[in-house]
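All remarks here apply to the structure that follows.
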Amino acid sequence: AYSVAERIREIVSNKPFAIKSQGISIDVTTSIGIGCYLDASDTPTTLIKRADVGLYRAKNAGRNRVILAAAA
């Protein structure tokens, strides 16, 4: 999951978003949180919460990064 997320992050950050009708190009970055370390008691909700923790850690660490989150 990490390597796929990192490839997505790189692709997005290396390709500006263009608004052709306005002649504008905007740099876009991606922050991705990955909920890892599946536990027998996990549910889809706990995994999403864990990924959300990783997402906010990535944003708070400067954005444009992938963070693995082990606990919600």
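Fair warning: this is a prediction, and the values are worked out from it, not measured in the lab.
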Name every donor-acceptor pair, under 3.5 Å, that has one atom in a side chain of residues 23-32 and the other anywhere in the protein, sequence neighbours excluded.
{"unit_1": "Ser31", "atom_1": "OG", "unit_2": "Asn64", "atom_2": "N", "d": "3.2"}

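Legend: residues meeting side-chain contact (heavy atoms from CB on, under 4.5 Å) with Glu6, ordered by chain and number and at least two apart, are Tyr2, Arg9, Glu10, Val66. For Ser41, the side-chain hydrogen bond (donor to acceptor under 3.5 Å, both in side chains) test picks out Asp39, with sequence neighbours left out. Partners of Thr45 by side-chain contact (heavy atoms from CB on, under 4.5 Å), not counting sequence neighbours, listed by chain and number: Thr43, Lys49.
Leu55 shares a hydrophobic cluster with Tyr56; the chain of contacts runs through ILVMFWY side chains whose heavy atoms sit under 4.5 Å apart.
No chain of hydrophobic side-chain contacts below 4.5 Å, direct or via other Ile, Leu, Val, Met, Phe, Trp or Tyr residues, connects Ile48 to Leu68. Residues Ile34 and Ile8 are members of one and the same hydrophobic cluster, defined by side-chain heavy-atom contacts under 4.5 angstrom among Ile, Leu, Val, Met, Phe, Trp and Tyr.
Here Arg57 contributes atom CZ and Lys59 contributes atom NZ; the two are 15.0 Å apart, rounded to the nearest 0.5 Å.
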